[in-house]
Amino acid sequence: MRPYSNDYMIYDEVTGHYVLTERALEDNGVQIRQRLTRNRATNATAVINRLLGHVSDMVYNYIHKFNFDNKRQDMIIATIPSCRYIIQKAMLSQCEYLLMNGDLSRSVEADKRAMAIDDNARAVLDTAIPELGYPITYAGGY
């Protein structure tokens with residue numbers, strides 16, 4: 001099975017990671033373009049793409065903390081359909097958290113940085129992948 005893109009996530013060939021689309025946010029009740037237009041963002045599309053890329057980076061960086069074989073983790077996410085759904089759900093949750101609370105990952109305070117990843121996103125990422133029997137955050141050997 002190969003990675004694929006659709007209306008909700010695109011597969012970035014350069015990073016080997018999935019990234020949410022604006023449509024995924026819209027269909028889940030997050031009208032990001034309206035928020036940016038209200039705040040007079042000069043280039044809403046660039047701001048949205050940066051936000052979605054950052055959310056992807058945050059989720060993948062969190063996952064990568066659990067295992068030294070990050071290329072294998074990324075391959076699992078990219079090629080197992082049920083894992084694709086898990087990563088999409090985690091990124092949606094993380095994006096909503098980021099929009100409500102700000103980007104805590106950039107705080108100068110360590111205790112705030114520790115709260116940068118949404119608890120719901122963590123719980124989703126700890127869901128066992130049916131095809132494998134363990135979550136993508138599994139820290140054991142493959």
What heavy-atom pair brings [X] and [Y] nearest, and what distance separates the two atoms?
X: Thr137; Y: Tyr62; value: CG2-CE2, 4.2 Å
X: Ile76; Y: Cys83; value: O-CB, 4.0 Å
X: Leu51; Y: Cys95; value: CD2-SG, 4.1 Å
X: Leu52; Y: Thr21; value: CD1-C, 3.7 Å
X: Glu131; Y: Pro81; value: OE2-CD, 4.4 Å
X: Lys89; Y: Val124; value: CB-CG1, 4.0 Å

With rounding to the nearest 0.5 Å, note down the distance linking [atom1] in [X] to [atom2] in [Y].
X: Asn70; Y: Asn61; atom1: CG; atom2: CG; value: 9.0 Å
X: Asn67; Y: Tyr138; atom1: CG; atom2: OH; value: 9.0 Å
X: Asp118; Y: Ser93; atom1: CG; atom2: OG; value: 3.5 Å
X: Gln34; Y: Glu26; atom1: CD; atom2: CD; value: 8.5 Å
X: Ile80; Y: Ile87; atom1: CD1; atom2: CD1; value: 12.0 Å
X: Met115; Y: Arg113; atom1: CE; atom2: CZ; value: 11.5 Å

Is there a side-chain contact between [X] and [Y] (heavy atoms, below 4.5 Å)?
X: Tyr18; Y: Val59; value: no
X: Gln94; Y: Ile117; value: yes
X: Leu99; Y: Ile32; value: yes

Original post:
Residues in salt bridge (Lys or Arg N to Asp or Glu O under 4.0 Å) with Asp7, at least two apart?
Top reply: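 Salt bridge (Lys or Arg N to Asp or Glu O under 4.0 Å) list for Asp7, sorted by chain: Arg23.
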
Cluster question for you: counting only ILVMFWY and a side-chain heavy-atom cut-off of under 4.5 Å, with indirect links fine, are [X] and [Y] together?
X: Leu104; Y: Ile63; value: no
X: Leu132; Y: Phe66; value: yes
X: Val30; Y: Val55; value: yes

Original post:
Residues two or more places apart in sequence or in another chain: which of them pass side-chain hydrogen bond (donor to acceptor under 3.5 Å, both in side chains) with Ser105?
Top reply: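 Once residues adjacent in sequence are excluded, the partners of Ser105 under the side-chain hydrogen bond (donor to acceptor under 3.5 Å, both in side chains) criterion are Asp103.
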
Does [X] reach the main-chain N or O of [Y] with its side chain, forming a donor-acceptor pair under 3.5 Å?
X: Arg84; Y: Thr79; value: no
X: Gln88; Y: Met9; value: no
X: Glu22; Y: Ile48; value: no
X: Tyr97; Y: Leu92; value: no

**OP:** Test side chain to side chain contact (heavy atoms under 4.5 Å, CB included) on Glu96 and Leu25 and set out the steps.
**Re:** CA-CA 9 Å; Glu96 291 170 2; Leu25 296 181; 6.0 Å; no

Subject >> Candidate pair Arg33 and Thr45, rule side-chain hydrogen bond (donor to acceptor under 3.5 Å, both in side chains), full reasoning >> reply: CA-CA 8 Å; Arg33 190 167 294 271; Thr45 301; 3.2 Å; yes

Original post:
When you check the side-chain N and O atoms of Asp27 and Tyr8, is any donor under 3.5 Å from an acceptor?
Top reply: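 Yes, side-chain donor-acceptor contact under 3.5 Å.
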
Original post:
Is there a donor-acceptor contact under 3.5 Å linking the side chains of Asp74 and His64?
Top reply: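 There is such a pair between these side chains.
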
Original post:
Only one of Thr15, Asp12, Val19, Ile10 forms a side-chain contact (heavy atoms from CB on, under 4.5 Å) with Ser56, so which one is it?
Top reply: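 Of the listed residues Thr15, Asp12, Val19, Ile10, the side-chain contact (heavy atoms from CB on, under 4.5 Å) partner of Ser56 is Val19.
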
Subject >> Six-ring centre of Tyr11, Arg2 cation under 6.0 angstrom, axis tolerance 45° >> reply: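 No, Arg2 does not sit over the ring of Tyr11.
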
